[in-house]
Protein chains: 2
Amino acid sequence: MEAQRTSLKLEEQLCFPLYTASRLVTQCYGPVLTALGITYPQYLVLLVLWENDDVNLSFIAQRLQLQSNTLTPLLKRMQEQGLITRTRSESDERNIVIALTDKAKNMKQEAEQIPQYLADKLPLSLDEARQLYSILYKLINSTGAAS
Amino acid sequence: MEAQRTSLKLEEQLCFPLYTASRLVTQCYGPVLTALGITYPQYLVLLVLWENDDVNLSFIAQRLQLQSNTLTPLLKRMQEQGLITRTRSESDERNIVIALTDKAKNMKQEAEQIPQYLADKLPLSLDEARQLYSILYKLINSTGAAS
DNA sequence: TAAGATTATATCGCAAGCGATACAAATGTA
DNA sequence: TACATTTGTATCGCTTGCGATATAATCTTA
């Protein structure tokens, strides 16, 4: 709310470093994820499912702040790769239940090392990482629906 | 380099809030950019060109940390919309020179209000914004090529 | 209980992103 | 000056993202 001078200089835009850091950090996952045969958003879906299996599409959508027009094809591809199953709920046929296959469950163990791999690769101190989290979630909670 | 406990919990991954905040903040630009008839990456290209007109594709690529396989089609679309011209350099025919049209030059004035619009929309204090910048650029510089 | 709202997911169309590769112009080198 | 290398863009194929809209199942309510 304080008066802030704003300009059109690329480096002074908040959006630009956010967008670029996100892309470049995502690229850091490339080698490990390729080895597992998955993409970055697919990895995020697995993170959700490793915490909560047998959930509706809308649950994943809410956790990742993605919509059905992104998730439906993404989940279909994961199904084709044998990572998940998609089943219509019997109690409410509008719902589609996503469940991990054994293949995806087994991948969790290999994935355990990924966070450490990334933490080593990025130059942030614990303090900086905490600050970053705090600010990013402030942004997220202010824009999207409440998480 | 300190010992950090890592886990596969979604919220504890650095990547996830970065990815989500980037998408959601980008979505905040939607209304203003749609009014100008451009997309978010096109806006970034314009930011570069408003600072430095008549530059090679590789200059934009370096500034935005994007590659030709992303920029070439993006710039072609901007050309079709009458925002830029693409001309082969005479001195070195490998280079393609990107220049703003009058239409795009005139858009700068309307765009001047965008940073303030966003600053008002996001809940960050000046201090938080500075911290965020600092950390994001640390990430960017550690991953991609030196800016 | 039939019509209208709401909810959950899907479809369509288009613009990024990006790994891999291609290709022509320029440069280096023997 | 031929030939290999490097440089700057472009092409291909695929997977996101997302606005807009569609569709079917469920819920509401008169």
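All values below come from the heavy atoms of this structure, side chains included, with hydrogens, waters and symmetry mates left out.
The shortest distance between side-chain heavy atoms of B:Leu47 and B:Glu51 does not fall below 4.5 Å. For the pair B:Leu49 and B:Ile60, the minimum side-chain heavy-atom distance is below 4.5 Å. B:Val45 places a side-chain heavy atom less than 4.5 Å from the side chain of B:Leu71. In this structure, the side chains of A:Leu64 and B:Thr20 stay at 4.5 Å or more apart for every pair of heavy atoms. By the 4.5 Å heavy-atom criterion applied to side chains, A:Leu139 and A:Leu18 are counted as neighbours. With contacts defined as side-chain heavy-atom distances shorter than 4.5 Å, the pair A:Asn56/A:Ile96 does not qualify. Within the 4.5 Å cutoff, side-chain heavy atoms of B:Leu46 are placed close to those of B:Met78.
With rounding to whole Å, B:Asn95 atom CG is found 7 Å from D:dG8 atom P. Counting to the nearest Å, the C1' atom of D:dC14 and the CD1 atom of A:Ile38 are 17 Å from each other. At whole-Å resolution of the value, OH in A:Tyr19 and C1' in D:dG17 are 12 Å apart. Taking atom CD of A:Glu80 as the reference point, atom C1' of D:dT15 lies 12 Å away to the nearest angstrom.
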Can you give the donor-acceptor pairs under 3.5 Å from side chains of residues 98-105 of chain B to other protein atoms, not counting sequence neighbours?
residue: B:Thr101; atom: OG1; partner: B:Gly82; partner atom: O; Å: 2.7
residue: B:Thr101; atom: OG1; partner: B:Leu83; partner atom: O; Å: 3.1
residue: B:Thr101; atom: OG1; partner: B:Ala104; partner atom: N; Å: 3.3
residue: B:Lys103; atom: NZ; partner: B:Gln81; partner atom: O; Å: 2.8

Under 3.5 Å, side-chain donor or acceptor atoms of residues 24-39 of chain A against the rest of the protein: list the pairs with distances, not counting sequence neighbours.
residue: A:Thr26; atom: OG1; partner: A:Ser22; partner atom: O; Å: 2.7
residue: A:Thr34; atom: OG1; partner: A:Gly30; partner atom: O; Å: 2.8
residue: A:Thr39; atom: OG1; partner: A:Gln42; partner atom: N; Å: 3.4

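Each end of the helix from C:dT1-D:dA30 to C:dA30-D:dT1 gets its own rotation axis from five pairs of C1' atoms, and the angle between them is 10° to the nearest 10 degrees.
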Pairwise N/O distances under 3.5 Å, protein to nucleotides 21-27 of chain D:
residue: D:dT26; atom: OP1; partner: A:Glu93; partner atom: N; Å: 3.1

Name the pairs: protein N/O against N/O of nucleotides 11-13 of chain D, kept only if under 3.5 Å.
residue: D:dT11; atom: OP2; partner: B:Lys76; partner atom: NZ; Å: 2.7

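Linking ILVMFWY side-chain heavy atoms closer than 4.5 Å, directly or via other members, places B:Ile84 and B:Val97 in two distinct hydrophobic clusters.
Under the salt bridge (charged side-chain N to carboxylate O under 4.0 Å, His left out) criterion, B:Asp53 pairs with no residue at all, not counting sequence neighbours. With sequence neighbours left out, the ring pair (Phe, Tyr, Trp, His ring centres under 6.0 Å) criterion links B:Tyr19 to A:Tyr40. Taking A:Arg94 as the reference, A:Asp92 meet the side-chain hydrogen bond (donor to acceptor under 3.5 Å, both in side chains) condition, with sequence neighbours excluded. With sequence neighbours excluded, the residues that form a side-chain hydrogen bond (donor to acceptor under 3.5 Å, both in side chains) with A:Lys121 are A:Tyr117. Residues passing the side-chain hydrogen bond (donor to acceptor under 3.5 Å, both in side chains) test with A:Arg86, sequence neighbours excluded: A:Gln79.
Between A:Trp50 and A:Tyr43, the ring planes are perpendicular. Angles over 60° get that label, and only those under 30° would be called parallel.
DNA chain C is contacted by both A:Arg23 and A:Asn56; A:Asn56 maps to the nucleotide lying nearer its 5′ end (nearest heavy atom per residue). In this structure, A:Tyr40 and B:Phe59 both approach DNA chain D, and ranking their closest nucleotides by distance from the 5' end singles out B:Phe59.
Between B:Arg88 and D:dA10 there is a side-chain N or O to OP1 or OP2 distance below 4.0 Å.
In the 5' to 3' direction, nucleotides of DNA chain C lying under 4.0 Å from heavy atoms of chain B begin and end at C:dA15 to C:dA26.
The stretch residues 25-34 of chain B has no heavy atom under 4.0 angstrom from DNA chain C at all.
Among the heavy atoms of the strands lying under 4.0 Å from A:Leu74 are primed sugar atoms or P, OP1, OP2 only; no base atom is included.
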